[in-house]
Amino acid sequence: MTFGTNPMNPLPGFRDFYPETLAVRRHIFDKWRDVARRYGFREYDGPPLEPLELYTQKSGDEIVGQLFNFVDKGERAVALRPEMTPTLARMVGPHHRDYKKPIKWFAIPQLFRYEKQQRGRLREHFQFNADIIGETDVSADAELIALAIDTLRSFGLTKDDFVVRVSDRLAWQRHLAATGITGEQQYAAFQAIDKLEREPEDKTREKLAAIGLSPSQIGEILDIARGGTVAVAPELDLVCLKLGSLFEYCQVDFKIVRGLAYYTGIVWEIHDRKGELRAIAGGGRYDNLLKQVSGVDLPALGFGMGDVVLGELLKDRGLLPKADWGLDCYVVIADEGLRAEALKLIHQLRDEGIAVDYAFTETKVGKQFQAASACGARYALVIGPDEWKSGEVKLKNLATGEERRLPAGAMELKGYIVERAIL
RNA sequence: GUGGCCGUAGCUCAGCCUGGUAGAGCUCCAGAUUGUGGAUCUGGCUGUCGCGGGUUCAAAUCCCGUCGGUCACCCCA
């Protein structure tokens, strides 16, 4: 209640979901869940609020600046979760014996960061997370990439819309280690490589020089990043091989190293082909994280795909479905004297699982039809004296305009409305 | 956190430069149309002109601050 925050607006970076936008969100979630199910992943979830230390112990204190954190009434330092992986690592550790390996789990958490918002980046978003735990073989890396590709394909996106850029930190590590760069310096080198696309080359050279690399070593690194290959990258080669025909969605790109410190092997990002948006998805292998978080030494890998950038891409490509009530039938009460009977039939139809709506008060027939089409009902069911006398009603297909008199029984009408047998 | 641009009806915006206490289109509501819809026509409702302060006889308009939005930087999901 301090500075002019208008309670009539959502907080900065937070979204209200009106029916139209919630429909978009549900469409995205439905696809995510469906593809994950087809790949044999099980859904899990954890608390949106976590101890602050869950994030600081791994990433250092500088991450606090990005966290939505505060002190609760019990004097606990807490943070809204900025990512799901630490929670997953904590959950799996103590209970991993309850599950056969590999563990394949997914979640759709709402994640939070305290940052100034801009396009594709809010203070809150939903992210599809899929992880595989307990598998060292690169087949798992390939499977995860395949899952991400199929997820995007299920929305109607094609290889003209997006590209998976695959890289390997292990290969980079070997290369850097050969030139004497390890530990902290290695991570600094990754940070410099990660920014290659957004910074002038001179600045990258400067950063690498500061780590202690010679001009020729820097030249080597830049060559690799620009499209060359690291001599020793068998894991990456194998992943590409195992992707089979799906490799046409991919390209090897050593500029990708991912910002997070905990990645250890294959890493990848998915970008839109036009390069207009932020990364659509990103992931990789983090074989040491579980041990660090939970003490249990299990290899793991995973990826995240946010709803914001994906939603923008789908909107740009015209791939979002029209918002729909899902209403089957709008009952038009043509004579107010029949309201009681109409109501009875309406409830019988609803008992049969049919989605039915109607006007609460006496309304002109024209208005009722208007309401019927406005809410996207597939059928209008007219209840009027003419038909009712002979125990009938009139069913109209609002798309085609066809009409038919039918017996006024819920079961008979169900046959026409649900199975769309006719009309 | 830093910088550029922006903030007028539910929505998109005009008006601001050259101060004289608000407009259009769409949406919404009603009627034309007392048993048939998505069209058309007519009428109607809605604004503390983001908020606070200053200059002025007078501020949507000029000045300052602030909040919010947006883009870029930083950083990354």
Side-chain angles (χ1 to χ4, degrees), chain A residues 1-14 16 18 20 55 59-60 62-68 80-86 107-129 190-191 194-195 198-200 203 257-261 263 269-270 276-284 302-310 330-338 359 362-388 393-403 405:
Chain A
M1 297 306 99
T2 359
F3 314 115
T5 298
N6 184 347
M8 290 306 290
N9 293 328
L11 288 167
F14 285 78
D16 286 331
Y18 287 83
E20 297 79 12
Y55 308 109
S59 317
E62 78 273 13
I63 198 171
V64 176
Q66 317 269 19
L67 291 176
F68 209 114
L80 289 163
R81 59 186 174 194
E83 53 165 334
M84 198 58 179
T85 312
I108 305 180
Q110 188 174 23
L111 305 177
F112 306 85
R113 305 202 68 150
Y114 200 90
E115 286 182 311
K116 200 163 178 175
Q117 66 160 319
Q118 47 187 290
R119 178 155 148 98
R121 192 162 198 217
L122 310 172
R123 285 185 172 181
E124 149 274 317
H125 76 150
F126 291 91
Q127 192 186 63
F128 177 36
N129 270 250
F190 283 156
Q191 295 286 26
D194 186 40
K195 287 192 185 47
R198 287 162 279 166
E199 275 180 356
K203 197 159 181 190
V257 292
R258 306 284 294 150
L260 291 173
Y263 287 113
E269 289 181 0
I270 303 182
E276 292 170 338
L277 305 169
R278 295 168 184 284
I280 302 163
F303 80 91
M305 179 185 293
D307 70 316
V308 179
V309 175
L310 177 60
Y330 193 99
V331 170
V332 174
I333 302 170
D335 186 305
E336 199 53 23
L338 291 172
E362 180 167 9
T363 308
K364 287 177 182 156
V365 171
K367 286 282 176 204
Q368 294 189 64
F369 270 93
Q370 240 175 50
S373 50
C375 66
R378 288 194 287 116
Y379 294 97
L381 186 69
V382 183
I383 296 177
D386 293 351
E387 302 87 344
W388 198 258
V393 291
K394 204 187 281 177
L395 187 67
K396 177 169 183 174
N397 182 319
L398 288 169
T400 65
E402 285 178 88
E403 288 188 336
R405 281 173 76 128

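Protein chains get the first letters and strands the later ones, always in sequence-line order, with residue 1 at the start of each. Note that these values count all heavy atoms, side chains included, but never hydrogens, waters or copies made by symmetry.
Put simply, CZ on A:Arg123 is 11 Å from C1' on B:G1, counting in whole angstrom units. A:Tyr263 places its OH atom 11 Å from the C1' atom of B:C76, with the value rounded to the nearest Å. As rounded to whole Å, 15 Å separates atom P of B:C76 from atom CD of A:Gln127. At whole-Å resolution of the value, CZ in A:Arg278 and P in B:C76 are 12 Å apart. Rounding to whole angstrom units, NE2 of residue A:His125 and P of B:C76 are separated by 15 Å. Here the C1' atom of nucleotide B:C76 and the CD atom of A:Gln191 are 10 Å apart, to the nearest Å. In this structure, CZ of A:Phe14 is placed 16 Å from C1' of B:G69, rounded to the nearest angstrom. The separation between A:Phe190 atom CZ and B:C75 atom C1' is 19 Å, rounded to whole Å.
Taking atom C1' on both B:G25 and B:G35, the two are 34 Å apart, rounded to the nearest angstrom. On the C1' atoms, B:U56 is 12 Å away from B:G20, given to the nearest whole Å. On the P atoms, B:A30 is 14 Å away from B:G38, given to the nearest whole Å. Rounded to whole Å, the separation between the P atoms of B:C63 and B:C11 comes to 27 Å. Going from the C1' atom of B:G19 to that of B:G54 covers 15 Å, rounded to whole Å. For B:G50 and B:G69, the P atoms lie 16 Å apart once the distance is rounded to whole Å. One P atom belongs to B:A24, the other to B:U34, and the distance between them is 30 Å to the nearest Å. For the P atom pair drawn from B:U12 and B:U48, the interatomic distance equals 15 Å after rounding to whole Å.
Counting non-hydrogen atoms under 4.0 angstrom, A:Gly13 reaches the backbone sugars and phosphates but no base. Heavy atoms of A:Gln368 sit nowhere under 4.0 angstrom from any nucleic acid atom. In this structure, A:Arg121 reaches the bases: a heavy-atom distance under 4.0 Å links it to at least one base atom across the strands shown.
Taking CD of A:Gln370 as the start and OH of A:Tyr330 as the end, the distance is 10.5 Å to the nearest 0.5 Å. Put simply, OH on A:Tyr114 and CG on A:Leu67 are 12.5 Å apart, with the number rounded to the nearest 0.5 Å.
The phosphate of B:G1 has neither OP1 nor OP2 within less than 4.0 Å of any side-chain N or O from A:Gln66.
A 4.5 Å side-chain heavy-atom check between A:Pro109 and A:Arg81 finds at least one atom pair inside the cut-off. Residues A:Gln368 and A:Ile333 have side chains in contact (heavy-atom distance under 4.5 Å, counting atoms from C-beta outward).
Not a single donor-acceptor pair under 3.5 Å links the side chain of A:Asn397 to the backbone N or O of A:Glu402. In this structure a side-chain-to-backbone donor-acceptor pair under 3.5 Å is missing from A:Arg113 to A:Arg123.
Contact record, A:Ile383 with A:Trp388: CG2-CE3, 3.7 Å, taken as the closest heavy-atom pair. Scanning all heavy atoms of the two residues, the minimum distance from A:Arg405 to A:Glu387 falls at NH2-CA, 3.4 Å. Closest approach of A:Ala334 and A:Val365 over heavy atoms only: CA-CG2, 3.9 Å.
For B:G65, the paired base is B:C51 (Watson-Crick or G-U wobble, both distances below 3.5 Å). Judged by Watson-Crick or G-U wobble contacts below 3.5 Å, the nucleotide B:G1 has B:C73 as its partner. Across all strands shown, B:G20 pairs with B:C57; the Watson-Crick or G-U wobble distances both stay below 3.5 Å. With a cut-off of 3.5 Å on both Watson-Crick or G-U wobble distances, the partner of B:C41 is given as B:G31. Base pairing of B:U36: no nucleotide in any strand meets the Watson-Crick or G-U wobble criterion (both distances under 3.5 Å). The partner of B:A9, taking Watson-Crick or G-U wobble pairs whose two distances both stay under 3.5 Å, does not exist in any strand shown.
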- What string of B, S and - do you get for nucleotides 26-39 of chain B, 5' to 3', if B is base contact, S is sugar-phosphate-only contact and - is no contact with any protein heavy atom under 4.0 Å? -----SS-SBBBB-

